[in-house]
Each structure stands twice: as C-alpha cells, then as structure tokens.
Amino acid sequence: MPDPASPWRPCFITTPIYYVNDRPHIGHAYTSLAADVLARWRRLEGRDVFFLTGTDEHGQKVEKAAKDAGMDPQDFTDQVSQHFRDLAVTMGFSNDGFIRTTEDRHKRACAALWEKLAANGEIYLGHYEGWYAVRDEAFYGPDELTERDGVKYAPSGAPVEWVREPSYFFRLSAWADRLLKLYEDNPDFILPASRRNEVIAFVKAGLGDLSISRTSFRWGVPVPGDDAHVMYVWLDALTNYITAAGYPDDPAAFEKWWPADIHFVGKDILRFHAIYWPAFLMAAGLAPPKRVFAHGWWTNEGQKISKSLGNVIDPVALVDEFGLDPIRYFLLREVPFGQDGDFSRAALIARNNGELADTLGNLANRTLSLIQRNCEGRLPPPATVRDTDQLFIQELKVLPTEVRVRLDSQEFHLALDAIMAAARSANGYITVHAPWALKKTDPARMLEVLRHLHDALRVFATVLQPFMPTTMAKLLDQLGVPEEARGLGALSTPLPGGLVLPPPAPLFAKIEAGA
RNA sequence: GGCGGCGUAGCUCAGCUGGUUAGAGCACGGCACUCAUAAUGCCGGGGUCAGCGGUUCAAGUCCGCUCGCCGCUACCA
C-alpha cells in the first residue's frame, strides 16, 4: 500500500474521454496537453505516473452515426476513436493508457459500480419525462422551446412532444450536504477557485435526483438485471477513470492508483466531474478524486469558435505549420490556465520569436558557441561562485522549486514565466560579464562565467522538458547531459569538467510574420 | 432577477491581510555591445489605478452607489 504522504507515491492523471462523434480539435489537444505536461513533470520528479486518456463511445448519437454510415457501431467506433489516438501521437502525449468505453473491462466496471450503488440503496426505478423531439432523438429543456399555434418546437425546428419513459435514478439529492462538506474540507478539490464557487452555489441551490438509464437506444452498457435499459451517459463515461485504475478486476492496481490525483476537464463538463462523480463514488463507498481542474476555452483571432463559423482550429494543421514544441509552449504560455484565451497568429509568432528563439534559443546558441570556440568544445569545470555571480546563481537555484510550486497548482503559465525571467537574467549575465572580452583579459574567469551559463542552461532545459520534450532533448544533447542525468534530482550533481560537447545548432526557428 | 468576478501604462496583465516616488512582458524611443538565430543588455517616455461619494493619519488595495464587461444560475407568461 502506497504511503499517501510519500513524495514518491504513485500519481494518476486523467483527461476526459473524448466523444468519438467529434473530430479532434484544439480543445481536446489543450486538455490533454496540460495533463501531459503535468505527467511528464511528475516523472521528472521520480513519481510513478499513470497518465490516462481515451474515448467515450456509447450513446444515441454514435448509434445513429454508425447507422447512417451503414456500419456496425463497434466497427464505427473502432474507426473514429483512432483519430484521438492519432492526435496523441501528433501532440507527443505520453499517456500510459488509452481507455475506450466499449471495452469489456469498462462494461464490467460499470456493472460493478451500478450493483454497488443498487446494493447501497442509491438507485431506484422511476420515470424520466420531458420534451422529446423524435426527429432529433433528443430531449430539450422547457427553456429551449418555442411555441407556435399550440405546438412546441425545439431550437432545431423539430416539433417536440411530452414523453415519459421508465428510467433508473441515482439519489443525487441526498448527497448535497456531503458534497458541500467535501468542497469545504478540500479547498483545492475544484480549481480554479472561481469555478469552485460556482459549483458550490449550484449545489447549495439544491440537487435533484439523476436519471442514469435510458430505454430509447441500445448502444450502451446494459443495466444489470434489466436488459431494457442501458446506462445513460455520465454513469458510463465517468466510470472510465476507475475502470482504467483496475476496478473491479485488479484490486492491487486500484489500490495503487485510486483516488486519481487530478482530472483535467474543460469548463463545460466541470459540473459532472465535481458533483455527479464524487457523489457516485462516495455512494459506492469509494474515495472521490483529489482534484478536478476546469480550464477555459480558446477563441480564434478574437472570435468564438464554432463549426458553423468554420473557424475550428485543427491541432494537426498547427503542428504541421509551426512545429510541435512551439505549439505546446504557446498553448500553456499564452493564457493563465483556467481562463479563456485567444489564439492568434500574431501572438504565437511573438511568443515563438521573442521567447523561444531570441531569449532562450539564442542564449543557448551564444553560450555554446563560446564554449565551442574558446574551450576547445570542452565543458569548463564546476566554477567558484563570485560575489558578482551570487544573484544569478541564486535565481537559478530556486527556479526548479518555483516551477514545482506553479505546476503543483497547475499554473503552467507562471511556471513558464519564471523560466523566461531566469533566461532573461542569463542574457543579462552574459552581457555584463562578457566572456568574449574576458578571453583576453582573464581567461580563467571566462571559464567560470561560461560554466555558470552552462549550468543555467541545464536547469532551463531540465525543467522545460515536460513542455517541449523534443527540443529540450536536443538542448540537453548539446549540453552534454547524459540521458540518465536529466531528472530533477540529477541537477544537484554537477557535470564533470572536460566533457566534450557537440557543436551547437539553433533550437528554434523564427516564424516569418505575414504568411 | 439572484450569486460571483472583472474594469490598473498603446496591448496583455501582476499588485497578500490598506502604508515610502504604482510594477512586468510586449510595443515604442535613445544608448551600449558585437559572443550569438540582425540576436542581447542598459536607460527612457507613457497611467486622474472606470466614475462618484465615503471610512481612515494613510486606499488600485476597505464600504456604498453609478457605468461597462464576463461567468454561473434562475426564470418572472
């Protein structure tokens, strides 16, 4: 059993499972990217990480889409879920698992959870009723309807009728107080704090019971003991997290990974993760996750993104045009994580050119070129810290801690901000100490200055690995840092002097404006 | 309608429990440097801290109101 206090305890990080009816877009890439960076950081810390993503493959829409395509639903989902596995490869995600809700293990987990809830008296059979549009095969809330000539219409224009079908319900209404206590006892359970307040307000307003089954379609997990029903969306979808953790087949794995350390979600599905999910779990006698983080949405050049506007951002196209690491950097750098943000070419180019190429890339290039030319390409030995080095060295020393603190609270933008600030300091340091001038006046001091700069670059490259794995691997290669010395713990062990360094090459290309 | 948040330099934003000349990045101007991806560094201009009125020895920083944004939520037939 893992010691919950140990800094080396296992760490379970998840993305939502993505609905296969959708094509992967920037939103999917963004959520998973955040999870990926945190997962990679935890591995750098030495933690045992389980980073999970996957696809949600049940429901009426999928059933219908498969039918329209003339395909068996399973064949259909096999095909479309592949898009999301492809996205993970394109974006360089390091997920350890990919779960699909159509897998047998997941159906077993859903059934087990259901039975547990039923045994605990948390489920009862009732009726689900509402305004239903046959044409859309969907229910609508009363506020969405318009009425003409005594007939009510859905926003789609389809006429609706009052439909009543049997449905199982989860006694969510009984959990409001315990949910509020959960939020109170765990102030960081829902982040960012503004979202937490919204959820609390919602729960305080009162919760109704939750319909958790349907008889109107078949493409779902059958309800144990009542084949007329399949489980309805959230009970099926949310359960994926414990399925992947080993519930119920592998108690040892489940013990190891559950509760999840963090669920990354978009703000649109926060309510389900912060209210339904912990309620389901507590009702089944299982621990709720430790944290749910809801991030914001992107606009495109100031415009709301929508399919009808045709301005959906395709992450694959972005990576093709600008390269993977600049995109990864930009997405987490440009906008405070948790808030909405705008994606614009101008902003992307400014970040890439100003920060990656000019500040960081050029710093590496000038430093390594100086070592290459003036030290016969060999790393100077660990250097004495002079009075005039103190400030700079101190900033470097605290940087990994600063980054850790920021990442512990998912403030990716502030982590990157701290790193860029240090890189700017390094540029100041090199200019002030002018090793190119010391070459003639004080060669020994030149070696010290260059060594301090090399140490700085090593810190930057190490802590930036989760954000830009490919490029930082290149930088670490250029710095001569061996594979096994690239973790955070290795930073306390100086590289030996005399190490032969390969000739430097630019890390980041500038992006031409215009285009 | 209710609850919550926001409105600070041209732009994007920091400014914890109120306390010396309000900060950063970008943009702009000048200077320096030349190791480097025509990169870098330094200095500088620029803000009635949305408005009005209060509390206080002292308020972007607290209170009230007004205007303008945004989020969540509820809907008034």
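Heavy-atom basis, side chains included; hydrogens, waters and symmetry copies ignored. First the proteins, then the strands, lettered A, B, ... as listed; each starts at 1.
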Check the distance between [N]'s [atom2] and [X]'s [atom1] and give it to me in whole angstrom.
X: Phe508(A); N: rU37(B); atom1: CZ; atom2: P; answer: 16 Å
X: Asn362(A); N: rC35(B); atom1: CG; atom2: P; answer: 13 Å
X: Asn427(A); N: rU40(B); atom1: CG; atom2: P; answer: 7 Å
X: Tyr429(A); N: rA36(B); atom1: OH; atom2: C1'; answer: 17 Å
X: Leu370(A); N: rC35(B); atom1: CG; atom2: C1'; answer: 4 Å
X: Leu438(A); N: rC33(B); atom1: CG; atom2: P; answer: 16 Å
X: Leu453(A); N: rU40(B); atom1: CG; atom2: C1'; answer: 12 Å
X: Trp436(A); N: rA39(B); atom1: CH2; atom2: P; answer: 16 Å

Parallel, tilted or perpendicular: ring planes of [X] versus [Y], cut at 30 and 60 degrees:
X: Trp277(A); Y: His263(A); result: tilted
X: Tyr429(A); Y: His433(A); result: tilted
X: Phe293(A); Y: Phe264(A); result: tilted

Please give the nucleotide sitting opposite [N] as a Watson-Crick or G-U wobble pair, both distances under 3.5 Å, or none.
N: rC16(B); value: none
N: rG47(B); value: none
N: rA22(B); value: none
N: rG71(B); value: rC3(B)
N: rG53(B); value: rC63(B)

_Distance flag, aromatic centroids of Tyr124(A) and Tyr168(A), threshold under 6.0 Å_ = no
*Under 6.0 Å between ring centres, would you say that holds for Phe330(A) and Phe322(A)?*
no
*When we call it a touch if two heavy atoms are under 4.0 Å apart, what does Gly361(A) touch: a base, just sugar-phosphate, or nothing?*
base
_Please classify the nucleic acid contact of Leu507(A) as base, sugar-phosphate, or nothing, using heavy-atom distances under 4.0 Å._
base
How far, in whole Å, is [M] from [N] if one measures between their [atom1] atoms?
N: rG45(B); M: rC31(B); atom1: C1'; value: 15 Å
N: rG18(B); M: rU55(B); atom1: C1'; value: 12 Å
N: rU20(B); M: rA58(B); atom1: C1'; value: 11 Å
N: rC16(B); M: rC35(B); atom1: P; value: 45 Å

*Does anything in residues 402-416 of chain A pair up under salt bridge (Lys or Arg N to Asp or Glu O under 4.0 Å), and if so which pairs, sequence neighbours excluded?*
Arg42(A)-Asp408(A), Glu402(A)-Arg406(A), Arg404(A)-Asp408(A), Arg406(A)-Glu411(A)
*Mind checking ring pair (Phe, Tyr, Trp, His ring centres under 6.0 Å) for Phe508(A) and listing every partner two or more places apart, or none if nothing turns up?*
none
*Who pairs with Tyr19(A) by ring pair (Phe, Tyr, Trp, His ring centres under 6.0 Å), at least two apart in sequence or on another chain?*
none
Please tabulate, one pair per line, each protein N/O and nucleotide N/O from nucleotides 2-8 of chain B that are separated by under 3.5 Å, including the distance.
none

_Strictly under 4.0 angstrom, non-hydrogen atoms only: write out the protein contact profile of nucleotides 22-28 of chain B, one letter per nucleotide from the 5' end, B, S or -._
---S---
*Mind checking side-chain hydrogen bond (donor to acceptor under 3.5 Å, both in side chains) for Arg351(A) and listing every partner two or more places apart, or none if nothing turns up?*
Glu334(A), Glu355(A)
*Syn versus anti for rG15(B), judged by chi lying within 90° of 0?*
anti
